[in-house]
Amino acid sequence: MHRRPLLRPGWLLALLLVAGAVAANLPAIRPVPHVNLARFMGTWYLVGGIPTAFERDAWNAVETYTLLRDGSIRTTLTFNQGRANGPRKHIEAPARVRPGTNNAVWDVRVFGPVKAQYVVAWLRDDYSLMVVARDTRDYAWVFSRSKQVSVDDLEHARQQLRGWGYNVDKWRRVPHTATLTAND
């Protein structure tokens with residue numbers, strides 16, 4: 001059985017161009033001053049944000065970053081689709097740090113030659129919580145090293161996004177309910 005993609009590449013490109021035009025009137029998202037890549041790598045739980053179409057119904061979402069020998073970063077997102085025990089989805093995307101950004105801005109290859117901006121816009125000093133944003137203000141992600149995040153931390157992240165010009169009416173908390181195995 002052939003499945004149609006959620007978004008066709010042409011439509012996705014058109015959406016990115018429109019979002020870029022709208023965001024052109026806003027200042028660039030300021031990245032954190034420096035990201036220690038070795039410390040940053042590993043498992044992060046996606047706990048909230050403004051999701052893409054692919055993540056809109058994600059549960060138990062986990063993103064893993066792996067620094068490769070050539071300096072690129074493998075990003076791996078796994079999640080249950082639609083419910084706690086829904087079908088498990090797996091998305092991998094290669095990333096590269098933009099030169100001159102102190103490791104805080106990446107280009108993530110979404111498909112083919114299309115790259116998406118990834119700005120580490122807020123990072124707790126102990127690397128336990130972060131907000132990833134984009135100049136286009138279309139998508140944003142809040143990641144934690146733990147599945148459990150306080151309401152205050154989530155609200156702080158939401159207010160950061162609001163302050164950067166995001167429409168926080170699109171905010172979604174990502175539920176973490178299932179017990180995952182090491183292979184998930």
Side-chain angles (χ1 to χ4, degrees), residues 7 9 12-55 58 61-78 91-145 149 153-154 156-168 170-172 174:
L7 285 177
L12 183 58
L13 184 57
L15 286 172
L16 290 172
L17 290 174
V18 169
V22 169
N25 296 328
L26 297 171
I29 298 287
R30 180 177 292 173
V32 297
H34 176 76
V35 172
N36 176 329
L37 284 181
R39 196 169 173 200
F40 192 89
M41 295 296 112
T43 300
W44 290 86
Y45 296 93
L46 175 57
V47 293
I50 299 172
T52 67
F54 303 107
E55 307 154 332
V62 178
E63 182 121 301
T64 304
Y65 303 110
T66 307
L67 185 59
L68 303 176
R69 290 185 126 156
D70 67 358
S72 66
I73 300 162
R74 180 177 43 236
T75 68
T76 306
L77 176 67
T78 56
I91 301 168
E92 283 195 18
R96 286 232 175 248
V97 171
R98 283 192 191 168
T101 66
N102 291 319
N103 303 324
V105 181
W106 304 358
D107 290 313
V108 179
R109 196 169 67 225
V110 182
F111 59 87
V114 176
K115 295 177 184 169
Q117 181 193 46
Y118 180 107
V119 178
V120 181
W122 183 80
L123 178 62
R124 191 170 273 161
D125 289 341
D126 65 0
Y127 284 61
S128 65
L129 191 66
M130 71 162 160
V131 177
V132 174
R134 293 169 32 92
D135 289 343
T136 52
R137 274 61 168 201
D138 49 0
Y139 309 116
W141 303 270
V142 179
F143 292 100
S144 173
R145 294 291 190 172
V149 178
D153 281 342
L154 287 172
H156 173 78
R158 236 173 126 268
Q159 293 310 317
Q160 289 275 23
L161 293 171
R162 181 189 307 277
W164 295 326
Y166 273 89
N167 176 359
V168 294
K170 297 178 181 180
W171 171 268
R172 177 180 183 266
V174 178

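Distance CG/Asn167 to CZ/Arg162: 9.0 Å, rounded to 0.5 Å. The structure places CG of Leu46 at 10.5 Å from OG of Ser144, a figure rounded to the nearest 0.5 Å. With values rounded to the nearest 0.5 angstrom, Asn103 atom CG is found 9.0 Å from Leu67 atom CG. In this structure, the separation between CH2 on Trp44 and OG1 on Thr64 is 11.5 Å, given to the nearest 0.5 Å. Note that CE of Met41 is 4.0 Å distant from CD1 of Ile73, once rounded to the nearest 0.5 Å. Summarising the geometry, atom NE2 belonging to His156 is positioned 7.5 Å from atom CZ belonging to Arg124; distances are rounded to the nearest 0.5 Å.
A salt bridge is absent between Arg145 and Asp126: the closest approach of a Lys/Arg side-chain nitrogen to an acidic carboxylate oxygen does not fall below 4.0 angstrom.
Closest approach of Val35 to Ala104, counting heavy atoms only: CG2-CA, 3.8 Å. Pairing each heavy atom of Thr75 with each of Ala93, the nearest pair is OG1-O, 2.6 Å. Taking each heavy atom of Asn36 and Tyr127 in turn, the nearest pair found is N-OH, 2.9 Å. In terms of heavy atoms, Ala157 sits closest to Trp171 at CB-CH2, 4.4 Å. The minimum heavy-atom distance between Ala58 and Val174, with the atom names listed, is O-CG1, 3.6 Å. The shortest heavy-atom contact between Tyr166 and Tyr139 is OH-O, 2.7 Å.
The shortest distance between side-chain heavy atoms of Pro31 and Val105 falls below 4.5 Å. Here the side chains of Val142 and Arg158 are not in contact, with every heavy-atom distance at 4.5 Å or above. Residues Trp141 and Thr52 form a side-chain contact, since some pair of their non-hydrogen atoms from C-beta on lies under 4.5 Å apart. Two residues are said to be in side-chain contact when any heavy atoms from C-beta on lie closer than 4.5 Å; Arg74 and Glu92 meet this criterion.
Applying the ring-ring contact (aromatic ring centres under 6.0 Å, His included) rule to His34 yields no partners; only residues at least two apart in sequence or on another chain are considered. Looking at residues two or more places apart in sequence or on another chain, you find a side-chain hydrogen bond (donor to acceptor under 3.5 Å, both in side chains) between Glu63 and Tyr65.
No hydrogens or angles considered: nothing links the side chains of Gln117 and Asp107 as a donor-acceptor pair under 3.5 Å.
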Might you work through the side chain to side chain contact (heavy atoms under 4.5 Å, CB included) test for Val97 and Leu37, ending with a clear yes or no? CA-CA 10 Å; Val97 171; Leu37 284 181; 4.0 Å; yes
Do Val47 and Leu154 pass the side chain to side chain contact (heavy atoms under 4.5 Å, CB included) test, and can you show the C-alpha distance, the side-chain angles, and the key distance before you say yes or no? CA-CA 8 Å; Val47 293; Leu154 287 172; 3.9 Å; yes
Verdict with supporting geometry, Asp70 and Arg96, side chain to side chain contact (heavy atoms under 4.5 Å, CB included): CA-CA 10 Å; Asp70 67 358; Arg96 286 232 175 248; 3.4 Å; yes
Side chain to side chain contact (heavy atoms under 4.5 Å, CB included) between Ile50 and Arg172, worked out: CA-CA 6 Å; Ile50 299 172; Arg172 177 180 183 266; over 6 Å; no
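One N or O on the side chain of Arg137 and one on the backbone of Trp164 form a donor-acceptor pair closer than 3.5 Å.
Annotation for Arg109: atom CZ does not count as buried by contact number, only 12 or fewer foreign heavy atoms lying within 6.0 Å.
In this structure, the ring of Trp106 has its center less than 6.0 angstrom from the ring center of Phe40.
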